[in-house]
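Here is the structure we will look at, set down as structure tokens.
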Amino acid sequence: MGRVEVEVQGTWGTLCASRWDLWDAHVLCHHLGCGFAVSVPEGGHFGRGTGPVWSDSFHCEGTESSLDQCPVTALGASPCSHETDAAVICSGLPHNASLRLVGGGSRCDGHVEIFQRGTWGRVLDDQWDMEDASVVCRQLRCGEAEAAYTVPRAERGTGPVGLRGVRCAGHEASLSLCNTSLPEATGIMEDVGAVCQGSRQVRLVDGAGRCAGRVEIYYRGQWGTVCDDAWDTADANVVCRQLSCGWAVEAAGSARFGEGSGHIWLDGVNCSGDETALWNCSAEAWGQHDCGHKEDAGVVCSEFMALRLENSDGCSGRLQVFYNGTWGSVGSNSMTPHTAKLVCKELGCGDGGTREISIFYGRVNGTAWLDHVQCGESNSSFWQCPSDPWELQSYDDVRDETNITCNGRKPERTPVAACPNSTSCTDREKIRAVGGKDGCSGRVEVWHRGSWGTVCDDSWDMQDAEVACRQLGCGPAVSALAEAAFGEGTGPIWLEQVECRGTEPSLQACWARTGDGGACRHKEDAAVNCLAASSMTASPPQRDPILDYATIGRRVSVPVIICIILGLLICLLLALLARQMQSARARHRDSRRSGEPFSEAVYEEIEYSPMREKKMRFSFSDIPVLPGDSPVEGYDDAREVSDPGEHPVPGQGDWQVPRAQEDGEGPRDAARGESGHSWRSAGAPEVDGDTSPLSLGSTGYDDADEMSLS
């Protein structure tokens with residue numbers, strides 16, 4: 001603990017407390033080997049220092065190894081005195097049973113390690129739970145525990161084990177006070193981790209500066225966005241104050257700074273403006289929303305700064321700076337020659353430049369933000385140069401303006417198409433497969449932040465490939481390929497450790513880590529081979545009109561095409577089977593007719609007709625003619641013969657005919673005939689009893705003696 005002092009070019013000086021926060025203090029304590037920052041006292045808490053008071057403002061995230069790695073600004077800073085020297089209280093040197101969390105996004109989340117016998121060791125357990133994590137978070141002064149987890153296999157440590165097996169009730173002050181004398185474990189001992197409430201963070205992304213961009217929150221170990229529903233200046237003010245970026249100049253919506261990825265953590269945020277953190281505002285429950293990333297909220301804070309040279313080429317002209325939401329000039333008084341060099345470097349206009357000095361008076365009506373900018377050799381950025389404090393003031397002499405001409409030109413920018421950079425584009429337009437023979441196999445690349453980038457193959461599996469193939473419109477996945485199977489890509493690696501369930505509409509909807517961690521290289525680019533790709537590769541050169549039509553409708557899935565082909569084959573098989581059945585029936589009928597002349601006699605009508613009877617009697621030469629004096633009432637006991645529409649033709653009633661395919665049934669069901677019954681000819685019941693051919697003695701007139709022909 002003590003007053004913070006920093007050495008600059010061999011001179012020790014203090015820092016101003018108004019520009020010093022807990023995250024900066026964490027980095028300093030870690031760098032000094034003093035644990036973590038417990039608190040940041042008010043300025044002058046440990047007395048007044050001597051020497052200069054540096055105007056530098058550090059902007060640490062808390063994970064840097066030293067203050068040298070943190071962004072620094074000094075431009076426009078107000079002067080401080082030794083009355084407000086910055087101070088810090090660290091937790092101290094690690095002692096026996098000290099804890100730390102490593103591998104997370106902050107000091108309050110990650111894998112648990114314990115300090116034993118002068119070294120840090122892993123903590124293993126087989127029943128790690130929230131009670132155990134609560135003790136860890138309390139010991140580290142990180143607030144309440146939000147999650148307890150076992151470390152994924154790919155992230156497990158290989159160092160020494162400091163503690164194996166622990167059971168906490170949840171109220172202990174430190175992990176060493178929990179029960180560690182346990183019987184032999186029955187489960188698998190694994191590395192364990194914890195996520196504490198103190199790990200929550202907020203940041204602004206893709207806004208060309210730390211004080212403008214898309215709002216993202218770190219919650220339970222993952223970054224996610226905020227929906228713009230009801231997003232206003234009061235909400236944005238909380239974010240700006242939380243980031244020490246002043247106040248809100250603009251509360252942006254509709255993915256003004258591009259669409260994010262992963263979770264949408266908050267929706268319906270409603271801040272009063274006095275909250276200390278965005279998650280203290282009224283909002284829907286964590287992760288509960290009805291938004292898409294096209295509605296990601298953004299912020300422009302007053303401390304957001306930008307630089308420009310006013311001419312059309314962007315590398316010469318009047319120097320202006322953006323601050324507090326407006327552009328203003330930079331005064332030329334006492335400006336050092338090194339300033340022009342840093343301006344040109346900042347704008348990407350070469351490594352040097354000259355300041356154009358006018359010797360003639362010219363009346364202008366302008367406003368300036370800064371004056372007396374004095375960049376030195378020790379400054380590596382224009383924003384680190386000392387100057388007068390920010391103050392918008394007017395001037396009327398053109399000689400007070402700063403005009404710079406750089407020795408280089410900005411590189412030509414590759415024109416970016418309106419889509420997929422547009423927020424109105426579909427998920428299909430934000431993915432492509434590169435290096436294959438078609439658009440359905442190859443290296444997976446996704447569109448993000450205005451450029452194409454690859455996907456790392458860490459944890460890449462068939463579920464991830466399934467989502468990618470669906471997003472490509474290429475049907476199901478055949479294989480998930482790794483190790484740059486289709487060659488190494490170029491540019492950024494946008495996604496790492498993609499974890500899809502397999503049902504997501506796009507890779508952007510899956511959980512993944514952003515690829516800016518540097519853990520992957522292009523030799524680990526992920527790739528896919530989709531079913532549509534293999535189908536199209538195996539097809540003959542000539543194009544099928546059915547497939548052509550399907551392509552016009554974007555792409556019909558291969559399973560549908562296979563079902564259509566199978567259906568056609570089944571229908572052809574059924575037609576051949578029906579024809580064979582018809583032929584067999586005809587042969588059977590002919591064979592019976594040749595052996596029994598009256599095998600298929602059928603009565604068309606049962607009403608009595610003398611002329612018809614006469615014709616019937618004389619139509620068979622081997623049937624004797626009945627005597628002409630037979631009585632006309634000749635069929636008292638004749639049995640009734642049904643109409644052919646009511647009884648089946650003898651010999652045909654027992655055939656099962658495949659029923660016609662009904663609506664909603666597939667070809668496979670029709671082929672099996674699984675209808676629960678067999679269709680009979682005309683749907684009539686079977687004829688029971690004697691179905692033998694009619695003989696002379698059974699012509700249907702049992703007792704008839706005579707029939708009149710008159």
Side-chain angles (χ1 to χ4, degrees), residues 15-28 37 39-40 55-64 67 69-78 86 105-109 143 197-219 222-228 231-253 256-258 260 265-266 269-281 283 296-306 321-325 381 383-384 390 514 516:
L15 294 176
C16 185
S18 62
R19 294 187 284 273
W20 180 255
D21 61 21
L22 191 63
W23 299 111
D24 305 329
H26 281 317
V27 175
L28 179 60
S39 64
V40 175
S55 58
D56 302 69
S57 295
F58 292 91
H59 308 292
C60 302
E61 294 181 357
T63 57
E64 297 85 354
L67 289 176
Q69 298 179 356
C70 301
V72 180
T73 60
L75 194 73
S78 301
S106 71
R107 74 170 195 90
C108 291
D109 72 297
Q197 197 174 68
S199 66
R200 295 180 187 177
Q201 302 173 55
V202 66
R203 68 182 181 184
L204 298 176
V205 181
D206 293 344
R210 71 177 192 89
C211 291
R214 181 177 61 252
V215 181
E216 293 190 353
I217 295 177
Y218 188 74
Y219 175 68
Q222 299 176 34
W223 287 100
T225 62
V226 177
C227 182
D228 65 4
W231 184 254
D232 58 19
T233 304
D235 310 324
N237 269 329
V238 174
V239 174
C240 292
R241 185 168 56 252
Q242 192 173 351
L243 291 172
S244 299
C245 286
W247 54 89
V249 173
E250 179 185 357
R256 158 84 177 279
F257 296 97
W265 281 132
L266 292 179
V269 178
N270 184 19
C271 302
S272 66
D274 298 326
E275 294 85 355
T276 57
L278 189 62
W279 42 83
N280 293 335
C281 301
D296 286 343
V299 171
V300 178
C301 301
S302 60
E303 292 293 317
F304 170 67
M305 298 177 288
V321 64
F322 184 87
Y323 179 75
N324 198 21
S381 166
W383 309 112
Q384 297 176 6
W390 293 103
T514 56
D516 52 9

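- Side chain of E275 to backbone of G273: a donor-acceptor contact under 3.5 angstrom is found.
- Taking all atoms of both residues into account, the shortest heavy-atom contact from L278 to C271 is CD1-SG, 3.9 Å.
- Here R210 contributes atom CZ and F304 contributes atom CZ; the two are 11.5 Å apart, rounded to the nearest 0.5 Å.
- By the 30° and 60° cut-offs, the orientation of the rings of F58 relative to W20 is perpendicular.
- Residue E61 places its CD atom among 12 or fewer non-hydrogen atoms of other residues, nucleotides or ligands, all under 6.0 Å distant.
- Between the side chain of W231 and the main chain of V299, no donor-acceptor pair closer than 3.5 Å is present.
- Using a 4.5 Å cut-off on side-chain heavy atoms (C-beta onward), N324 and W390 make no contact.
- The OG1 atom of T276 lies 8.5 Å from the CZ atom of R241; values are rounded to the nearest 0.5 Å.
- Proximity of E303 to Y323: side-chain heavy atoms (C-beta onward) are separated by under 4.5 Å at one or more points.
- At distances below 3.5 Å, at least one donor-acceptor pair connects side-chain atoms of N237 with backbone N or O atoms of A248.
- Scanning all heavy atoms of the two residues, the minimum distance from D296 to G260 falls at OD2-N, 2.7 Å.
- To the nearest 0.5 Å, atoms CH2 (W383) and OG (S57) are separated by 13.5 Å.
- Atom CZ of R200 and atom CH2 of W265 lie 10.5 Å apart (nearest 0.5 Å).
- On the SG-SG cut-off of under 2.5 Å, C211 and C240 do not qualify.
- Between V226 and D235, the closest side-chain pair of non-hydrogen atoms is not below 4.5 Å.
- Between C245 and C301, the gamma sulfurs sit at a distance of 2.5 angstrom or greater.
- No side-chain heavy atom of V238 sits under 4.5 Å from any side-chain heavy atom of W279.
- Remark: the backbone N or O of E216 is not paired with any side-chain donor or acceptor of R203 at under 3.5 angstrom.
- In this structure, SG in C70 is found 12.0 Å from CG in D56, a value given to the nearest 0.5 Å.
- Shown here for A37 and L22, the closest heavy-atom pair between the two residues is CB-CD1, 3.9 Å.
- At distances below 3.5 Å, not a single donor-acceptor pair connects side-chain atoms of R214 with backbone N or O atoms of T225.
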Stepwise, does the side-chain hydrogen bond (donor to acceptor under 3.5 Å, both in side chains) test hold for Y219 with Q201? CA-CA 7 Å; Y219 175 68; Q201 302 173 55; over 6 Å; no
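- Distance CG/D21 to CD/Q242: 11.0 Å, rounded to 0.5 Å.
- Here the side chain of S302 pairs a donor or acceptor atom with the backbone of W247 at under 3.5 angstrom.
- Minimum heavy-atom separation, A283 to L266: CB-CD2, 4.3 Å.
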